Amino acid sequence: MEEISELLLQRRRKVDALWEAGINPYPNDFTPEQTSDDLFASYGTVQDIPAESETFTVAGRIMARRSFGKAAFIQIQDRKGRLQLYIKKDSIGEESFASFDTFDIGDIIGAQGRPFRTKTGELSLHVTEIRLITKSLLPLPEKFHGLTDVETRYRQRYVDLITNPDVKEVFVKRSRIINLIREFMVARDFLEVETPMMQQIPGGATARPFVTYHNALDMELFLRIAPELYLKRLLVGGFDRVFEINRNFRNEGISVRHNPEFTMMEFYQAYATYEELISFTEELLCHVASELLGSLEFNYQGAAISFQRPWKRLTVREAILEYGDIDAKSLADRDLAYAYAVRLGLDLPEDIGFGKLLMEIFDEVAEAKLIQPTFITAYPTEVSPLSRRSEEDPEVVDRFEFFCAGREMANAFSELNDPVDQKERFLAQVVAKDKGDEEAHYMDEDYIRALEYGMPPAAGEGIGIDRLVMLLTDSPSIRDVILFPQLRRETK
RNA sequence: GAGCCGCUAGCUCAGUAGGUAGAGCACCUGACUUUUAAUCAGGUGGUCGUUGGUUCGAUCCCAACGCGGCUCACCA
């Protein structure tokens with residue numbers, strides 16, 4: 001049998017009493033006409049409010065209550081903020097006031113009233129009618145400290161959102177950021193598309209996928225790790241500018257920067273190069289930051305970040321030389337570079353490729369130091385199976401990654417559109433996979449076939465939306481910008 | 001997956017050098033017709049994360065497990 005606390009029993013008895021009195025505790029026939037911010041917009045600067053001013057009809061959740069026997073102040077919260085109501089027995093009548101007396105913090109109510117200023121000057125509504133709209137059975141967290149327990153905040157995000165206005169603000173900003181990006185892309189004639197989340201061959205990134213199963217088709221499917229190969233098929237199909245803002249799924253560890261499902265924007269532009277995407281990225285992110293924050297200067301976890309252009313550009317090798325402790329000559333020698341990696345404490349296989357080795361060293365010495373916005377270029381071909389080779393140096397590709405606050409925010413490159421080269425690189429990945437590299441790419445014959453029809457030269461980019469939101473909302477954990485982050489099953 | 005830290009009332013937290021627990025808020029009863037974490041008086045509410053062990057006795061000591069946070073590993 002379920003144990004019910006005295007608190008919950010009291011609330012349930014109130015609901016029973018309402019039903020018995022012929023009152024529905026959950027009616028749906030009340031329509032608010034204004035929100036809390038409408039009142040402040042109309043009367044926020046008016047000191048002497050006329051007694052016969054307009055009537056406001058509002059609804060919201062009771063967040064605080066101060067009763068005086070025959071009068072009371074309550075604070076209600078709606079989607080725009082909080083508002084104080086003054087309820088006086090003489091104004092709403094004996095019967096209505098008796099009913100109001102049973103209202104609890106957490107209940108949703110509807111009210112009508114006229115604006116006035118209290119003795120202390122707070123703009124409030126003097127209520128003429130008040131009704132219960134939804135009875136709450138569970139007590140809200142304490143009014144002063146609110147809900148701070150991190151686990152409960154994630155598991156019961158609804159309570160977190162009711163209680164903590166800052167949390168609500170983060171998700172309003174998240175929505176705004178995504179809208180700003182979408183408007184920016186559409187204004188540049190990019191077409192928003194949706195490509196499969198369930199894929200027969202997961203591709204477009206190096207990561208372990210989630211596996212699922214389709215009964216009717218009797219077929220194994222993978223949740224996508226990236227939309228890349230499908231978006232590039234659309235370039236073949238003639239959509240020269242496409243973008244998708246959607247979820248990717250990667251079956252990997254969870255951390256303050258990683259959630260198994262996360263949101264990326266990927267976009268592809270025909271006849272563009274990765275160098276053009278560098279300025280495109282600067283323009284896009286500066287637009288978002290200035291529209292959202294009204295500034296290109298902001299703080300992330302105590303670090304002052306400036307989006308003033310131009311942003312720093314370094315090659316992978318330059319970054320290692322700048323932030324590491326090795327000279328250019330040694331870095332050019334595979335064995336000396338390997339010795340350096342060992343000195344750094346990296347535990348790497350002896351036969352590791354030079355390209356992979358460079359990236360290991362880069363990640364160790366440079367990544368965390370890239371606080372200001374920085375583009376890193378000249379990635380080894382070995383770690384970039386879908387990128388176009390540099391015309392000057394076939395060992396590197398025409399690719400950049402964008403870093404800020406010590407973490408990767410975006411990845412872009414000129415696309416490989418030579419089907420023969422692409423097939424060879426897939427085959428190299430298949431060899432790696434056979435050797436046990438679980439993250440290596442699968443062979444995608446249909447993608448090769450698409451390239452054989454001819455994909456226009458293009459550049460493409462992926463931007464991690466969650467990390468961007470973290471940066472622009474000063475949030476330390478990815479869980480702070482995802483409404484329902486993945487957690488283990490709740491135990492009781 | 002590993003290490004460290006945490007888990008006490010609905011919420012925020014004390015506490016017991018081992019003798020089955022307290023405060024504030026919330027809730028209930030009463031007073032109060034302009035409060036701002038309203039105030040005043042009284043009251044209800046807990047298998048102290050779970051399971052074992054040690055002990056006359058465990059919320060406290062020990063072990064395992066569960067859940068969470070951080071760091072590392074993997075990655076975006």
Side-chain angles (χ1 to χ4, degrees), chain A residues 3-11 13-14 62-75 82 84-92 97 101-102 104-106 116-122 124 126 136-156 159-160 162-164 204-208 225-226 247-266 345-347 359-360 363 367 401-403 407-411 437-439 462-468 470 476-479 485 487-492:
Chain A
E3 296 257 339
I4 297 176
S5 73
E6 184 58 32
L7 228 60
L8 189 48
L9 274 175
Q10 284 167 354
R11 294 278 180 108
R13 280 197 288 265
K14 284 187 182 181
I62 301 177
M63 298 304 292
R65 184 190 163 109
R66 297 178 279 275
S67 295
F68 301 88
K70 297 190 182 70
F73 287 93
I74 63 172
Q75 266 193 342
R82 290 194 182 188
Q84 180 171 265
L85 305 184
Y86 179 54
I87 294 101
K88 196 161 72 158
K89 194 175 189 175
D90 297 348
S91 304
I92 64 169
F97 194 81
D101 226 22
T102 68
D104 292 299
I105 289 173
F116 77 110
R117 280 196 186 275
T118 65
K119 275 181 184 168
T120 53
E122 180 167 345
S124 310
H126 190 133
S136 166
L137 294 179
L138 292 172
L140 287 177
E142 192 224 355
K143 62 189 167 192
F144 191 57
H145 298 91
L147 180 66
T148 62
D149 180 76
V150 181
E151 184 174 352
T152 311
R153 284 188 43 226
Y154 295 153
R155 286 196 195 281
Q156 301 182 43
V159 182
D160 192 26
I162 292 168
T163 312
N164 298 320
T206 51
R208 295 173 62 178
I225 54 176
R247 227 67 66 78
N248 290 343
F249 307 86
R250 299 192 184 172
N251 205 341
E252 286 161 354
I254 292 176
S255 79
V256 286
R257 299 188 203 60
H258 301 86
N259 194 61
E261 52 181 310
F262 63 102
T263 302
M264 286 262 287
M265 175 172 79
E266 280 202 16
L346 297 173
D347 182 24
M359 292 320 299
E360 292 284 348
D363 287 348
E367 181 169 5
E401 287 196 342
F402 171 64
F403 291 83
R407 55 187 69 150
E408 184 187 339
M409 310 287 297
N411 179 20
D437 183 353
E438 288 190 75
E439 291 175 355
I463 299 177
I465 299 297
D466 311 280
R467 289 187 180 176
L468 180 63
M470 286 168 69
S477 169
I478 198 168
R479 297 184 198 94
L487 299 176
R488 283 179 206 276
R489 191 177 296 114
E490 189 174 359
T491 54
K492 256 283 149 34

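Chain letters run A, B, ... following the sequence lines, proteins first and then strands; every chain starts at 1. Since this is a predicted model, take the numbers as computed values, not measurements. Reckoned from all heavy atoms, side chains included, excluding hydrogens, waters and symmetry mates.
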- Yes or no on side chain to side chain contact (heavy atoms under 4.5 Å, CB included) for A:I162 and A:M63, after CA distance, side-chain angles and deciding distance? CA-CA 9 Å; A:I162 292 168; A:M63 298 304 292; 3.8 Å; yes
How long is the straight-line distance from [atom2] of [Y] back to [atom1] of [X], given to the nearest 0.5 Å?
X: A:I74; Y: A:I105; atom1: CD1; atom2: CD1; value: 9.5 Å
X: A:T102; Y: A:D104; atom1: OG1; atom2: CG; value: 7.0 Å
X: A:M409; Y: A:L468; atom1: CE; atom2: CG; value: 5.0 Å
X: A:K70; Y: A:S91; atom1: NZ; atom2: OG; value: 14.0 Å
X: A:R247; Y: A:E261; atom1: CZ; atom2: CD; value: 5.0 Å

Heavy atoms under 4.0 Å, any strand shown: does [X] hit a base, just sugar-phosphate, or nothing?
X: A:D104; result: sugar-phosphate
X: A:G106; result: nothing
X: A:Q75; result: nothing
X: A:R489; result: sugar-phosphate
X: A:G253; result: base
X: A:V256; result: sugar-phosphate
X: A:D347; result: nothing
X: A:L7; result: base
X: A:R250; result: base
X: A:R479; result: sugar-phosphate

- Query: 5'-most contact on RNA chain B: A:G121 or A:E408, nearest heavy atom basis?
  - Reply: A:G121
- Query: When the nearest nucleotide of RNA chain B is assigned to A:I478 and to A:K70 on a heavy-atom basis, which residue is associated with the more 5' position?
  - Reply: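 Its nearest nucleotide lies further toward 5', so the answer is A:K70.
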Please give the distance between the [atom1] atoms of [N] and [M] as a whole number of Å.
N: B:U20; M: B:C56; atom1: C1'; answer: 15 Å
N: B:A21; M: B:U8; atom1: C1'; answer: 8 Å
N: B:G1; M: B:A17; atom1: P; answer: 38 Å
N: B:G18; M: B:U59; atom1: P; answer: 14 Å
N: B:G24; M: B:G43; atom1: C1'; answer: 16 Å
N: B:C62; M: B:A76; atom1: P; answer: 42 Å

How long is the line joining [atom1] of [X] and [atom2] of [N], in whole Å?
X: A:F116; N: B:U33; atom1: CZ; atom2: C1'; result: 12 Å
X: A:L9; N: B:U44; atom1: CG; atom2: P; result: 16 Å
X: A:E261; N: B:A76; atom1: CD; atom2: P; result: 18 Å
X: A:D149; N: B:G68; atom1: CG; atom2: P; result: 12 Å
X: A:R208; N: B:A73; atom1: CZ; atom2: P; result: 18 Å
X: A:I62; N: B:A26; atom1: CD1; atom2: P; result: 13 Å
X: A:L140; N: B:U12; atom1: CG; atom2: C1'; result: 14 Å
X: A:D160; N: B:C11; atom1: CG; atom2: P; result: 14 Å

Has [X] got a side-chain atom pairing as donor or acceptor with [Y]'s backbone, closer than 3.5 angstrom?
X: A:R153; Y: A:D160; value: no
X: A:R65; Y: A:A72; value: no
X: A:N411; Y: A:E401; value: no

- Message: Can you confirm whether more than 12 heavy atoms, excluding those of A:R13, are under 6.0 Å from its CZ atom?
- Response: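 Counting neighbours around CZ of A:R13, more than 12 heavy atoms of other residues, nucleotides or ligands fall under 6.0 Å, so yes.
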- Message: Can you confirm whether A:R208 is buried at CZ, in the sense that more than 12 heavy atoms of other residues, nucleotides or ligands lie under 6.0 Å from that atom?
- Response: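 12 or below, so no.
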- Message: Counting runs of three or more consecutive pairs, Watson-Crick or G-U wobble, with each distance below 3.5 Å, where are the stems of RNA chain B?
- Response: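 When the pairs of RNA chain B are grouped into runs of at least three, the stems are B:1-7 with B:66-72, B:10-13 with B:22-25, B:27-31 with B:39-43, B:49-53 with B:61-65.
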The side chain of [X] lies closest to which of these nucleotides: [options]?
X: A:F262; options: B:G69, B:C11, B:A76; result: B:A76
X: A:P139; options: B:C11, B:G10, B:U33; result: B:G10
X: A:T206; options: B:U35, B:G68, B:A76; result: B:A76
X: A:S477; options: B:C28, B:C70, B:C67; result: B:C70

- Ignoring hydrogens and angles, are the base of B:U34 and the side chain of A:E122 linked by a donor-acceptor pair under 3.5 Å? no
- Measure distances between side-chain N and O atoms of A:T148 and base N and O atoms of B:U12, and say whether any donor-acceptor pair falls under 3.5 Å. no
Interface polar pairs with nucleotides 37-43 of chain B, N/O, under 3.5 angstrom:
residue, atom, partner, partner atom, Å
B:A37, O3', A:K143, NZ, 3.2
B:A38, OP1, A:K143, NZ, 2.4
B:A38, OP2, A:R66, NH1, 2.5
B:A38, N6, A:S67, O, 2.7

- Taking the inter-plane angle between the rings of A:F73 and A:F68 on a 0 to 90° scale, is it parallel (under 30°), tilted (30 to 60°) or perpendicular (over 60°)? perpendicular
